[in-house]
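Chain identifiers are assigned alphabetically (A, B, ...) following the order of the sequence lines, protein sequences preceding nucleic acid strands; residue numbering begins at 1 within each chain. Predicted, not measured: the structure shown is a model, and the values here were computed from it.
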There are 2 protein chains.
Amino acid sequence: MTATATRSTYHHGDLRAALVTAANAMLEEGQPLSLRALARRAGVSPTALYRHFADKEALESALAVQGMRDLFADLTAGRPGRNGTAGPAMPSTRKEVIELGVRYVRFALRRPELFKLMFGRECDVENDERVRAAAALHDHLAAVMAQVFPDANADDLATAGWGLAHGLAFLHLDGKLPKDKPRAVDRRVRAAYAAILPTTN
Amino acid sequence: MTATATRSTYHHGDLRAALVTAANAMLEEGQPLSLRALARRAGVSPTALYRHFADKEALESALAVQGMRDLFADLTAGRPGRNGTAGPAMPSTRKEVIELGVRYVRFALRRPELFKLMFGRECDVENDERVRAAAALHDHLAAVMAQVFPDANADDLATAGWGLAHGLAFLHLDGKLPKDKPRAVDRRVRAAYAAILPTTN
DNA sequence: GTGCTATGTTTGCAGTGTTAACTTCGCACC
DNA sequence: GGTGCGAAGTTAACACTGCAAACATAGCAC
């Protein structure tokens, strides 16, 4: 199947990357992330992993950080440079802010196990890379909000906008809101944002 | 200590209740909920639990259901029968809706492990008691919203209000938003709601 | 008193994360 | 170009987990 190819060399080459790839695959398949199963999948002994990660949490942290990057890219990509700026344009309308929320929830539902790993655990350290990634997300959102709702407190609005997306994502993930087709979920998210978000001017 | 009293009788009397109590205590103390540790704590053999719960998930489900009741009580209690109705009055102002969110987040931060147990797992079955409890919460909130914001779609607004509280709760729990003193958290929650929630005419 | 049955216990299994001691081998160095 | 050193992988073992099967106890109906 995947990378279970029984290698001939004693040393693996790039086990760390292989482990991350295999781990992501396991998450994608909804399997519980067990180090032994992971090692089996990578065709390596159960403890080889410890040469590359301090412990299980370190591995999960690495996965989470990459996940944060993916999420951030997901949120900022797709709308090629409009309104004169270089690179992807920031959302500049209320509608686009709502679509940001839709994308956030979509990401969570598309990669649920990864999303839970990114958020559903307390990241221990204060100056963790994951915390910084979270702060980056918040800052970006605040910049967007400042542009779209110039009269409101952008920071508070960013917290609210993020909180709402995050809550809707988790409520859907855990089956507290009806788990219907993606389209229906999109609609519900849009409706929620539309109902609560201030109207521009 | 707790209920570790080495009993004299072979039969326990009410082991089920004792297990639930002990489990809640362990959650409260932030200890990982292990069946063996739980049994030790109740002064009983490691597998005695299986006479009262099908498996670990059944126990967790029981805890979660009670937690939902507590949360619901927390949200509906405290404001003795105003505006003529029997029983506790429903929130009828924008400010009171915001306080609902504050209470929700407070509950999550006061009993974090229980809260994660209530929400952080997918409840398996479709017609699970937990799902019904969630629906009840949503309905109650919709009724509140209908009263406070008669012009808006109450259902969408309920989804949004719940989603926001839920997201803020989890973001705080997982350290994605600064984990300062309860007062500061209260303020942040209020600010977020105030920034995003429509004003009543 | 005699069984029946609900409740608890003992034993054991398969799985988990993790450490310690050992093996293999790529690569820098004289 | 052999030599050794250290990075990378292995094996064995430990303590822990949830859980099933077989067994022991005792309250309660008859």
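Legend: residues meeting side chain to side chain contact (heavy atoms under 4.5 Å, CB included) with A:A58, ordered by chain and number and at least two apart, are A:F53, A:A54, A:D55. Qualifying side chain to side chain contact (heavy atoms under 4.5 Å, CB included) partners for A:T21, counting only residues two or more places apart in sequence or in other chains: none. Under the side chain to side chain contact (heavy atoms under 4.5 Å, CB included) criterion, A:Q66 pairs with A:R69, A:D70, not counting sequence neighbours.
Atom CG of A:L59 and atom P of C:dT18 are 10 Å apart (whole Å). Between the P atom of C:dA20 and the CG atom of A:D55 lies a distance of 14 Å, rounded to the nearest Å. Taking atom CZ on A:F53 and atom P on C:dT18, their separation rounds to 13 Å, with Å as the unit. At whole-Å resolution of the value, OH in B:Y50 and P in D:dA24 are 22 Å apart. What separates CZ of A:R51 from C1' of C:dG26 is a distance of 16 Å, to the nearest Å. Rounding to whole angstrom units, CG of residue A:D14 and C1' of D:dA7 are separated by 14 Å. To the nearest angstrom, P of D:dG27 lies 15 Å from CG of B:L15.
Contact check, B:H52 against C:dG8: a side-chain N or O comes under 4.0 Å of OP1 or OP2.
Each salt bridge (charged side-chain N to carboxylate O under 4.0 Å, His left out) pair with one or both residues in residues 164-179 of chain B, not counting sequence neighbours, appears once here: A:E122-B:K179.
Projected onto DNA chain C by closest heavy-atom contact, A:L49 and B:A48 fall at different nucleotides, the more 5' of which corresponds to B:A48.
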Nucleic acid footprint by protein, nucleotides 12-17 of chain D - heavy-atom cut-off 4.0 Å, B for base, S for sugar-phosphate alone: BB---B
Using distance only, find each side-chain donor-acceptor pair of residues 134-142 of chain A under 3.5 Å and give its atom names and separation, not counting sequence neighbours.
unit_1 : atom_1 : unit_2 : atom_2 : d
A:H138 : NE2    : A:T159 : OG1    : 2.9

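A:F119 and A:Y104 have tilted rings, their planes meeting at an angle from 30° to 60° on a 0 to 90° scale.
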